[in-house]
Amino acid sequence: MGNLGDNAVEWMGMTLGIKQPAILPSFLCAFKWLRAAWSRSAFRRSIGVRGYNEGPAVEPESTMSEPAAPVPSVDVLTIDGPSGSGKGTISRRVAARLGWHYLDSGALYRGVGVAASWADLDLADPAALVRCAFDTRIGFEDRADGELRVIVNGLDATDELRTETAGAAASAIAAVPEVRSALKDRQRAFRRPPGLVADGRDMGTVIFPDARYKVFLTASPEERAERRYKQLKDKGVSVILDDLLREILARDARDANRAVAPLRPADDAVCIDTTGLGIDAVVERVLALVPAPRS
Ligand SMILES: Nc1ncnc2c1ncn2[C@@H]1O[C@H](COP(=O)(O)OP(=O)(O)OP(=O)(O)O)[C@@H](O)[C@H]1O
Ligand SMILES: Nc1ccn([C@@H]2O[C@H](COP(=O)(O)O)[C@@H](O)[C@H]2O)c(=O)n1
């Protein structure tokens, strides 16, 4: 398997079966960055600079059984990318800095996957999975220590959700088109003033195609596996690095090659390769795209 995470063009090349010369992806990414920066600054001039609003960075309680109508006028920053590229970490920090809401869309897929396994559902039974997607209550609690806890059907399932087993189950059910449809409105319901940072695989392409700001994060598979390894080790979970790398590559391949909403950068996304870049540096790179006064 080639390096899946270097940049957006490589992802597209993989999907199309084209092998890109090594230099081309970086060049095209840089070109896209410049083009996007140009159009954003032109747009900014036409509307003026928005004000800063204080607001919760995290959806306090799921509204999933009663999705609100989407509010297209509310600013959205989408952050898509493969597993371990840092979407969750960067999105939470950026949302906190902007005072915007935050949507961890992967937690929805993971939550449904875990609920399906609790109910002993057959992952190959789409009808049962769709029912489960509609019935599962998923809420988020922002802890004082900055950790986001995920509550599935009233139970704190955060630790179970973060396992690679839950990730693989989520990836399997996420390939079922009807499950994706069932979760669409729930995700759009997170779009509320003053703004939303949404992380996932199809935030910029399918769920919020009209988002004003779009980022696609990548990093080499090896670095992503190392990050995950360290993350799990810090939590006292014993894992083997090579196994993690294999699992991450398998999940990336499934997410990128599925028929519906495959993992890929939106045409107007800014690609950031975070290999060798620290968290703070990535946060600043993302914040630089959003022209709002902030602390
Ligand atoms: N730029 C970075 N440099 C070093 N470590 C990072 C960086 N970004 C994220 N990390 C760390 O990598 C780990 C995985 O990050 P995170 O969970 O945010 O990735 P993700 O893209 O949301 O993954 P997934 O899609 O599997 O949920 C975390 O421990 C996080 O602290
Ligand atoms: N917008 C999304 C978000 C997630 N998925 C699927 O869920 C899996 C777990 O997501 P994490 O971000 O928590 O790692 C992921 O591998 C995808 O299969 C999705 O399809 N669309």
Side-chain angles (χ1 to χ4, degrees), residues 4-5 78-95 102-114 123 133 138 146-148 150 157-158 160-177 179-184 186-188 190 197-208 215-235 237 239 244 247-264 266 272-286:
L4 290 171
T78 61
I79 303 192
D80 290 306
S83 172
S85 55
K87 303 178 299 295
T89 306
I90 303 305
S91 298
R92 278 196 302 276
R93 291 184 187 213
V94 167
Y102 166 57
L103 165 62
D104 174 0
S105 64
L108 304 186
Y109 289 95
R110 287 174 186 259
V112 174
V114 161
L123 289 191
I138 304 171
E147 210 190 339
L148 185 68
V150 187
T158 315
E160 187 172 348
L161 289 189
R162 289 325 308 167
T163 62
E164 203 42 51
T165 307
S171 175
I173 66 159
V176 179
V179 169
R180 302 199 73 82
S181 300
L183 294 178
K184 219 177 228 180
R186 287 183 176 192
Q187 294 171 81
R188 290 184 175 149
F190 280 75
V197 180
D199 101 57
R201 302 294 186 290
D202 62 343
M203 297 295 99
T205 51
V206 175
I207 303 298
F208 302 110
V215 169
F216 193 82
L217 290 185
T218 62
S220 74
E222 292 74 19
E223 177 151 338
R224 291 188 281 123
E226 292 268 4
R227 289 176 185 173
R228 183 71 75 220
Y229 178 78
K230 189 172 175 308
Q231 184 182 35
L232 292 171
K233 213 162 155 242
D234 288 349
K235 286 191 171 159
V237 182
V239 277
L244 274 181
E247 285 162 355
I248 281 177
L249 288 173
R251 188 142 68 93
D252 286 348
R254 191 189 340 230
D255 290 347
N257 292 314
R258 69 185 171 217
V260 187
L263 166 63
R264 68 169 181 81
I272 303 178
D273 183 347
T274 69
T275 312
L277 266 189
I279 291 172
D280 290 344
V282 180
V283 167
E284 294 309 323
R285 290 270 294 270
V286 173

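FYI, the numbering just counts along the sequence from 1. Remember, it's 1-based here, ligands and their atoms both numbered in the order they're listed.
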One finds that the ligand 1 atoms under 4.0 Å from a non-hydrogen atom of R201 are 25 (O)
Do any N/O atoms on R180 end up under 3.5 angstrom from N/O atoms on ligand 2? yes
Quick one: look up the protein heavy atom nearest atom 28 (C) of ligand 1 and list residue, atom name and how far away it is. Q231 NE2, 3.6 Å
Identify the residue among E223, R285, R227 that makes a side-chain hydrogen bond (donor to acceptor under 3.5 Å, both in side chains) with T274. R227
Nearest-contact summary for atom 10 (O) of ligand 2 - protein heavy atom, Å: G106 CA, 3.5 Å
Ligand 2 N/O within reach of R258 N/O, cut-off under 3.5 Å: yes
For S171 and R251, which I'm curious about, is there any donor-acceptor pair between the side chains at under 3.5 Å? no
Considering non-hydrogen atoms of the protein only, which is the closest contact for atom 9 (C) of ligand 1, and what is the distance? G86 CA, 3.6 Å
min-distance protein heavy atom vs atom 5 (N) of ligand 2 -> Y109 CD1, 3.6 Å
Pick one of side chain, backbone, both or neither for how R201 approaches ligand 2, counting any non-hydrogen atom pair under 4.0 Å. both
For atom 1 (N) of ligand 1, what is the closest protein heavy atom, and at what distance to 0.1 Å? L277 O, 2.8 Å
Would S83 count as being in polar contact with ligand 2, using the rule that some N or O on each side must be under 3.5 angstrom apart? no
Closer than 4.0 angstrom: is that true for some heavy atom of R254 and an atom of ligand 2? no
Atoms of ligand 1 under 4.0 Å from any heavy atom of G278, numbered from 1 in the order shown, are 1 (N)
Examine the proximity of ligand 2 to A174 and report which part, side chain or backbone, both or neither, has a heavy atom under 4.0 Å away. side chain
Top protein contact for atom 27 (O) of ligand 1, by heavy-atom distance: R162 NH2, 2.8 Å
Taking only heavy atoms of G88 into account, list the atoms of ligand 1 that are under 4.0 Å away from them. 18 (O), 20 (P), 22 (O)
Any idea which atoms of ligand 1 are less than 4.0 Å away from a heavy-atom of P82? 21 (O)
Return a yes/no value for S105: is any of its N or O atoms, backbone included, closer than 3.5 angstrom to an N or O of ligand 2? yes
Can you tell me the protein heavy atom closest to atom 30 (C) of ligand 1 and the distance? T89 OG1, 3.4 Å
Nearest non-hydrogen protein atom, atom 18 (O) of ligand 2: D255 OD1, 2.6 Å
Proximal ligand 1 atoms for V282, defined as those under 4.0 Å from one of its heavy atoms: 1 (N)
Ligand 1 and I90, any nitrogen or oxygen pair closer than 3.5 angstrom? no
Could you tell me the residue and atom name of the protein heavy atom closest to atom 10 (N) of ligand 1, and the distance to it rounded to 0.1 Å? R227 CD, 3.8 Å
Between R110 and ligand 2, is there a nitrogen or oxygen pair with a distance under 3.5 Å? yes
Residue part near ligand 2, for D202, under 4.0 Å between non-hydrogen atoms: both
